[in-house]
Every structure is written in C-alpha cells, then in structure tokens.
Number of protein chains: 2
Amino acid sequence: MFTSPLLEKLIRQFAGMPGIGYKTARRLAFYILKLPDDKAKELAETIIEVKSKVIECSICGNITETDPCAICSNPDRDKNIICVVEKPSDVFALEKTNEYKGVFHILGGALSPLDGIGPDDLRIRSLLNRVSEGAAEIILATNPNTEGEATAEYIMELLKPFKVKVTRISRGLPIGGDLEFADIVTLSKALKDRKPL
Amino acid sequence: MFTSPLLEKLIRQFAGMPGIGYKTARRLAFYILKLPDDKAKELAETIIEVKSKVIECSICGNITETDPCAICSNPDRDKNIICVVEKPSDVFALEKTNEYKGVFHILGGALSPLDGIGPDDLRIRSLLNRVSEGAAEIILATNPNTEGEATAEYIMELLKPFKVKVTRISRGLPIGGDLEFADIVTLSKALKDRKPL
C-alpha cells in the first residue's frame, strides 16, 4: 500500500519481531528512514556482528564473545558455587544485585512438555558433567513458575547421587510489596517458608 | 552488565528507537541473536537498502523508489485534485479507503512554533507551484489537532489568490463511536457542522 516495496519489507520484518505490532513496525521503519546514514549503517553492522561474534560459553552456556565467558574466566569468581538459571537475561538480573560471587549455568529454557521442551533440549547433561568435576553448592534459580519449579525438581533429583549441596532461591513476598495485594500462591508459600527471627 | 558488549550495543541501538524501552530492546536483541543467519542478514540489508533506495517523490514528496512516485505517475489518477497531508503514512491511511482517485502532496509535518517548525520547514512552496500550474481542488487533510488545523488555515490563506476550490476533510464523531464517550471538542464540532438530511 506504500509507494515503496522496500519500506514495506522493512515494516514486515519489524512486525515479525516479538511484541512488535504493525503500527510500531511502521513507526520503526520510518525512524530508520529518517536516521542519518551512518547510524543506520551502524545498526545493520551491529546486527550482522552480533550474529557472527556472539557465541555461547562452552562452560556455562551464557552469551559471550570470548570462550570461556568473562564470568567463567574470572579468577575472583568461586567456581565451586554454580547458580543454574534458565536464560542469559537471568544472569544479567542476578549480576545486578552485586551479591553473587559464584559462577552460572544457563539451561537455555525450562522443561515444558506442552511446548515440546524435554530434558534433552536443555543444557542439563553439561551441568551434571560440571558437578561431577567437583562443586560445593548448586543454586537452582529457575523461574518461580510451573515450568521453572518442575525443572528445579527434575535437576534436584538428578543431582542426588552427587552428594552436592543443592539449594533453591527463596520464594515469598516481593520486597516493597503489599500483603493485601499478594497473590494467594505467593502468600501461602511465604507463610509456609516463614523463618524464625 | 551482559557478557557481550556487542549485544549491549545492539540493545542500546534498539532502545534509542521511538517507543522502545530497555526491556523491549533487550527482547529484540535476543530475538536477533536467535534469528537464523540469513534472516538477520536480510534485515541488515533491508535497513541499508531502505536508506539508499527510498527517496522522496520530486512532485508530491511521498516516499518512493522511483521518481515520480507510483501515484504521481499513474495515468488513472486525477492530477487536478491534490490532497495535502502531513506525512507519508497519512497517504497510506487514505489509500486504504480505496475512495480517493486524485493525487497527494506531503508537507512533511505541520506548523508547530513550539517545536521550531515554520512554513519554510514544510513543503508549502512546492504546493503553491503545483497549484499555479493548474488544479481544480485542494483537499486539506492535515490532522484534526491544533498544529494540523493551524497548518490548514495557513495554507488556505496562501491559496486564496489562486481561486482554486479549497476543502477540508470533515471532522466529527468517528464512525462506530459513542456520543457518550466523545470528547467535548469533537462533539461541539459535530454539532456545529451538522448537515441537513
């Protein structure tokens, strides 16, 4: 409908991205059209570069440009504590706390039979290999939802023979939240997991 | 904070786009990361191609890959009726109605003193040139907001010496709307512009 098939093509490509509707895609395409040439070129080059240079760390599975990644190759990180997460952005969230000094293991998702994601689709075997090479604690930090809980349970079972300490991140009321507005599952979990003061 | 500066760069570039927050930018960057190589390459190439091949029609100012654009060079379009709009996506909206058989003139925005947009920043001179070469009707289809109305008034004044028929798209209650929820300005305009049945 536009007088430029190329612009329509760009709109279609943006509209194919997650959470981007047709109108947003159109706005983005017009934004590209108005962008200075060098900025547009830079964006195109970054897309190509990300695809060619960003790889997975052969140890933890996190995204990286060097193998092993910056965390796995950092001598100050405690290699004996492995925090298991679903995806790279979870590492990002945990790193922001500036509290964790161990290393990570990225599963690449969570068990989800409905979506056809089974144990073989996740980086579970390499986790077991890492544990077999020696580890003091495995922190299961998969998401506190059905898939994440099932994945944590599943991995916990697999880790039993290793006699390694296995912990799960605590679930309860979010800090700054309000009891009145907490959902019933979180509230009952918070009550069940209450701690002595 | 990520272990890949390149991915962070891509996130920053997406976050610089209009209406894209940091979290959406992150989701888009991970989407690019998971995209098949050829699809990512295609997107990068489309961005470069759009920048190099999409130009402005020398007659109407619409975006095009050929000059004049598909509408201006279409022998079936009535060159005597010129519909004046603010931007290329307005042409898109009007073309969708499949009702209009005239041609367009894209101003490239609307008068907005607060944003420093004056008459010289819009494609007004070329509109006057087109009208001086002969036209039967000029339809002012700028947006029905403060800037659009002011722009329409301004152009109407400039067109007076040409003795050309000047019309303004009608404003009133949107079809499918509800009187109860109409804003007061639209409602008073709809009342004032009432038509005999």
Side-chain angles (χ1 to χ4, degrees), chain A residues 1-14 16-20 23-24 26-33 35-37 39-55 57 60 62-66 68-72 87-89 91-93 95-96 104, chain B residues 1-14 16-20 23-24 26-33 35-37 39-55 57 60 62-66 68-72 87-89 91-93 95-96 104:
Chain A
M1 294 289 277
F2 274 106
T3 42
S4 162
L6 261 175
L7 195 80
E8 280 176 59
K9 187 179 171 190
L10 187 60
I11 294 173
R12 275 200 309 276
Q13 284 171 323
F14 279 132
M17 293 180 171
I20 303 290
K23 285 192 179 177
T24 303
R26 199 166 68 188
R27 198 175 57 228
L28 296 182
F30 274 104
Y31 167 81
I32 297 287
L33 198 57
L35 216 55
D37 278 356
K39 289 280 173 199
K41 194 159 168 261
E42 201 186 338
L43 174 62
E45 283 169 355
T46 311
I47 290 171
I48 295 294
E49 261 194 298
V50 157
K51 289 299 297 174
S52 62
K53 293 189 185 161
V54 177
I55 54 174
C57 173
C60 72
N62 197 5
I63 50 161
T64 178
E65 288 162 41
T66 53
C69 73
I71 294 173
C72 286
K87 51 193 189 303
S89 43
V91 173
F92 176 73
E95 284 293 275
K96 271 206 294 193
F104 292 94
Chain B
M1 293 291 275
F2 274 105
T3 42
S4 163
L6 261 176
L7 196 79
E8 281 176 58
K9 187 179 171 191
L10 187 59
I11 294 173
R12 275 199 309 276
Q13 285 172 321
F14 278 132
M17 294 181 171
I20 303 291
K23 287 192 177 177
T24 304
R26 198 165 69 188
R27 196 174 61 227
L28 295 182
F30 275 103
Y31 167 81
I32 296 287
L33 198 58
L35 215 57
D37 278 355
K39 289 280 174 198
K41 195 158 168 260
E42 202 186 339
L43 173 62
E45 283 169 354
T46 311
I47 289 171
I48 295 293
E49 261 193 297
V50 157
K51 289 300 296 175
S52 62
K53 292 189 185 162
V54 177
I55 52 172
C57 173
C60 71
N62 198 5
I63 50 161
T64 179
E65 288 162 40
T66 55
C69 72
I71 295 174
C72 286
K87 52 194 188 303
S89 42
V91 172
F92 175 73
E95 285 292 276
K96 270 205 296 194
F104 292 95

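Atoms considered below: every heavy atom in the structure, side chains included; atoms not considered: hydrogens, waters and symmetry mates. Convention: sequence-line order gives letters A, B, ...; per-chain numbering from 1.
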Exercise for the section: Could you check if a side-chain atom of B/K87 sits within less than 4.5 angstrom of a side-chain atom of A/F30, using non-hydrogen atoms only? Expected result: no

Exercise for the section: Would you check if A/E42 and B/K9 make a side-chain contact, meaning some heavy-atom pair closer than 4.5 Å? Expected result: yes

Problem - 4.5 Å side-chain heavy-atom contact, B/F104 and B/N62 - result: no

Practice task
Under 4.5 Å, counting heavy-atom pairs only, tell me which of B/K53, B/R27, B/E45 racks up the most with chain A.
Solution key: B/R27

Completion exercise
Under 4.5 Å to a heavy atom of chain A? For B/L28 that would be side chain

Completion exercise
Ranking A/I48, A/I47, A/L35, A/T46 by heavy-atom pairs under 4.5 Å to chain B gives rank one to A/T46

Problem - Taking every non-hydrogen atom, the tightest pair across B/G16 and A/Y31 - result: O-OH, 3.5 Å

Handout entry: Check: B/L10 and B/L33 side chains under 4.5 Å, non-hydrogen atoms
Key = no

Problem - Residue, of A/I20, A/I55, A/L43, A/T24, that accumulates the most heavy atom pairs under 4.5 Å with chain B - result: A/L43

Exercise for the section: Between chain B and each of A/A70, A/A40, A/C69, count heavy-atom pairs under 4.5 Å; write down the option with the most. Expected result: A/A40

